[in-house]
K.L.:
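So that we are looking at the same thing, I have put the structure below in structure tokens.
Residue numbers begin at 1 in each chain, while the letters A, B, ... track the order of the sequences.
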2 protein chains.
Amino acid sequence: MNPTGSPFAIAEIGALLGDPARANMMLALIAGRALTAGELAWCARVTAQTASGHLAKLTAAGLLAVQSQGRHRYYRLASPLVAQMLEGMQVVAAVQGPPRYRPKSRIDDALRAGRTCYDHLAGRLGVALADALIARGCVVLSNDGGEATESGMAFFRRLAIDTAPRKGRRRCFCRPCLDWSERRPHIAGQLGAALAERCFDLGWIQRVRDSRAVVVTTKGQSGFKREFGITGEALMPEADPPPVPLKTAV
Amino acid sequence: MNPTGSPFAIAEIGALLGDPARANMMLALIAGRALTAGELAWCARVTAQTASGHLAKLTAAGLLAVQSQGRHRYYRLASPLVAQMLEGMQVVAAVQGPPRYRPKSRIDDALRAGRTCYDHLAGRLGVALADALIARGCVVLSNDGGEATESGMAFFRRLAIDTAPRKGRRRCFCRPCLDWSERRPHIAGQLGAALAERCFDLGWIQRVRDSRAVVVTTKGQSGFKREFGITGEALMPEADPPPVPLKTAV
DNA sequence: GGATCGCTTCGGCCGCTGCCGAAGCGATGC
DNA sequence: GCATCGCTTCGGCAGCGGCCGAAGCGATCC
């Protein structure tokens, strides 16, 4: 049909994701948890009936999966492939896009500090974790892939991080994922997921209600320092010090 | 601003890619070569003035890069990240989408047989190559990454495939890339690019004019069989035998 | 069983945007 | 210097699609 031979499918997906309301819904779901239609309507800042139409389209296109439960309908991303696609778009948006002014918001700051990216950690915390593991020779990352070293595997086992091979072979179970806020890679893939899960289990980090943001707990402050040597602002919820110290308060 | 904290950037990219004309332009450029505005207009099946508007938008958004040369303007994808994003969208489109009826076309068949995917090989040929390398223990692929084995590195050196490490570290220079037509992984990343380049240099494959499709040459037929053990329909430009042999031609 | 709630469907409004014809502009060719 | 070519800009038209109010439908609560 068209000279490149490829179907119009990209245009369909693009059109779906091209509406701000739908894009916001998808972004809200990138955290990996299922949300109700009402919650997604709120996320997208539209009324319930408008959201309903959007969700129907996204579901029909196979981007979302839906499950009815009582009088609620829970929506989630249809597959990890969709999450990966969204990540890819976010990366391009962050890297290519003009460094546009974004009104600094508390929520944005919280996400930049630390967040989940589908099933692994991103933001300053995620990048710091990756940096620490690279510096210690536990993992090696490149543009095209990543792998855990032998010493890295031992390190992960010691921390009780699940490194059992899942259908894929040993070692190539880790991949770099470019961080849209830090513009540097963090660790995704099976290892990234296991790492994040273990941090939650240890009580080092906690999800922020209604958000993908995560905060480091007091226990996490010492844990990340002890095990990974991470200190300072990578663990802080807010990056910037107060801009002007109010020395002469009125 | 929005509750997920992420900017509206995904919506902007989606809206750009959501127009069939623009999507076709991007797909035409995924082959990696630069095309003129006129060629892209033809690909998108729109007039020159319409194409001009689209190209201006794509360039302003940082998805395309443009270079003037005489009275031509050459457009290409702004970065490999953009190509990777498009691949990701194609995969989702192919995998999630309903198995819609696509009018079988010669062009489509040619692309399914073999094509370049930005800088590496895809289609039946690309997948067969990946399968062969996996079967011979040259590479290992999983969902999250891939690596070349020691014996694989020796194999590649013997074929004069460039395996010199580029800024990334040794070995993790290969990644799986899900094939939209075969729905199975082929080899991308530095190794995938080097592999494809070597096949072109050896005269095993040739680009089809005005297309991402590649065809296996006679030399390639024997070469792929000798070095990779690939035979049969993976090397054929057309998958299907003629449906009904015209035994009683008029 | 009536009230409430969560979600969907319907209908009409309206704004955005893609489309092309015509014209303009710079580079090339003769 | 004039014709041609490749591309862009302008202007006006037309259609698609998102939005919300109102209404409908099923599940839940009391």
Side-chain angles (χ1 to χ4, degrees), chain A residues 1-3 8-29 33-76 210, chain B residues 1-3 8-29 33-76 210:
Chain A
M1 211 27 108
N2 57 341
F8 283 62
I10 282 205
E12 291 174 24
I13 293 186
L16 285 170
L17 267 39
D19 181 83
R22 286 192 293 257
N24 275 330
M25 290 173 170
M26 297 299 282
L27 285 176
L29 290 169
R33 284 176 300 173
L35 298 176
T36 68
E39 290 168 327
L40 289 166
W42 181 84
C43 288
R45 299 259 183 272
V46 292
T47 58
Q49 62 269 34
T50 301
S52 178
H54 288 317
L55 290 169
K57 286 181 188 174
L58 291 169
T59 307
L63 296 183
L64 295 185
V66 62
Q67 192 175 357
S68 290
Q69 194 168 312
R71 54 185 169 187
H72 296 275
R73 302 195 74 190
Y74 282 90
Y75 289 87
R76 57 179 174 78
D210 290 335
Chain B
M1 217 17 112
N2 57 341
F8 283 62
I10 282 204
E12 291 174 24
I13 293 186
L16 285 169
L17 267 38
D19 181 83
R22 285 191 294 257
N24 275 329
M25 291 173 169
M26 298 298 282
L27 285 176
L29 291 169
R33 283 177 301 174
L35 298 176
T36 68
E39 289 169 327
L40 290 167
W42 181 83
C43 288
R45 298 262 184 270
V46 292
T47 57
Q49 61 271 33
T50 302
S52 179
H54 288 317
L55 290 170
K57 285 181 188 175
L58 290 168
T59 307
L63 295 183
L64 296 185
V66 61
Q67 191 175 358
S68 290
Q69 194 168 313
R71 54 184 168 188
H72 296 277
R73 301 194 74 190
Y74 282 90
Y75 290 88
R76 58 180 173 76
D210 290 336

K.L.:
Rounded to whole angstroms, how far apart are CD on Q49(A) and P on dC13(C)?
P.N.:
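Distance, rounded to whole Å: 17 Å.
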K.L.:
How many whole angstroms separate atom CG of L17(B) from atom P of dG18(C)?
P.N.:
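Computing the L17(B):CG to dG18(C):P distance gives 12 Å.
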K.L.:
Have a look at Y74(A) and say if it touches a base, only the backbone sugar-phosphate, or nothing, with a 4.0 Å heavy-atom cut-off.
P.N.:
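No contact.
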K.L.:
State, yes or no, whether a side-chain contact exists between L40(B) and L29(B) at a heavy-atom distance under 4.5 Å.
P.N.:
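SC-SC contact between L40(B) and L29(B) confirmed.
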K.L.:
Indicate whether OP1 or OP2 belonging to dG17(D) is found under 4.0 Å from a side-chain N or O atom of K57(A).
P.N.:
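No, because none of the side-chain N or O atoms of K57(A) sits under 4.0 Å from OP1 or OP2 of dG17(D).
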K.L.:
Round to the nearest Å and state the distance from L55(A) atom CG to dG6(C) atom P.
P.N.:
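Between P of dG6(C) and CG of L55(A): 16 Å.
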K.L.:
Of Q69(A) and T50(A), whose closest DNA chain D nucleotide lies nearer the 5' terminus?
P.N.:
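Closest to the 5' end, via its nearest nucleotide, is T50(A).
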K.L.:
When the distance from CE of M25(B) to P of dG18(C) is rounded to whole Å, what number comes out?
P.N.:
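For the pair M25(B) CE and dG18(C) P, the rounded distance is 11 Å.
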K.L.:
For dC19(D), does either OP1 or OP2 sit under 4.0 Å from a side-chain N or O belonging to T47(A)?
P.N.:
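Result: no.
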K.L.:
Check if the side chain of R71(B) and the base of dC5(D) share a donor-acceptor pair of N or O atoms closer than 3.5 Å.
P.N.:
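Flag set: donor-acceptor pair detected.
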K.L.:
To the nearest Å, how far apart are R22(B) CZ and dC16(C) C1'?
P.N.:
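Answer to the nearest Å: 12 Å.
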K.L.:
Examine distances only and state if a side-chain atom of R22(A) and a backbone atom of H54(A) form a donor-acceptor pair shorter than 3.5 Å.
P.N.:
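Not confirmed, R22(A) side chain does not pair with H54(A) backbone.
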K.L.:
Could you tell me whether a side-chain N or O of R73(A) sits under 3.5 Å from a main-chain N or O of A37(A), the two making a donor and an acceptor?
P.N.:
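It does not hold such a pair.
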K.L.:
Just N and O in the side chain of S52(A): are any of them under 4.0 Å from OP1 or OP2 of dC7(C)?
P.N.:
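No, no such contact exists.
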K.L.:
State whether R73(B) places a side-chain N or O below 4.0 Å from either non-bridging phosphate oxygen (OP1 or OP2) of dT8(D).
P.N.:
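So the side chain of R73(B) is within the cut-off, an N or O lying under 4.0 Å from OP1 or OP2 of dT8(D).
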K.L.:
Does I10(A) reach the side chain of L27(B), with side-chain heavy atoms less than 4.5 Å apart?
P.N.:
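They are in side-chain contact.
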K.L.:
Name the nucleic acid region contacted by A37(B), choosing base, sugar-phosphate or nothing; use a 4.0 angstrom heavy-atom cut-off, strictly under.
P.N.:
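Sugar-phosphate: the residue A37(B), judged by heavy atoms under 4.0 Å, touches backbone atoms but no base.
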K.L.:
Report the distance from atom CD of Q67(A) to atom P of dC7(C), rounded to the nearest whole Å.
P.N.:
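That distance rounds to 14 Å.
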K.L.:
Taking C-beta and beyond as the side chain, do L17(A) and M26(A) meet within less than 4.5 Å on heavy atoms?
P.N.:
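Yes, side chains in contact.
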K.L.:
Quickly work out the D19(A) CG to dG15(C) P distance and round it to whole Å.
P.N.:
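The answer, rounded to whole Å, is 17 Å.
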K.L.:
Which nucleotide wins on minimum distance to the side chain of H54(B), given the candidates dT8(D), dG18(C), dG18(D)?
P.N.:
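Selected nucleotide (nearest to the side chain): dG18(C).
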K.L.:
Could you check how far CD of E39(A) sits from P of dC7(C), rounded to whole Å?
P.N.:
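Value for this atom pair: 8 Å.
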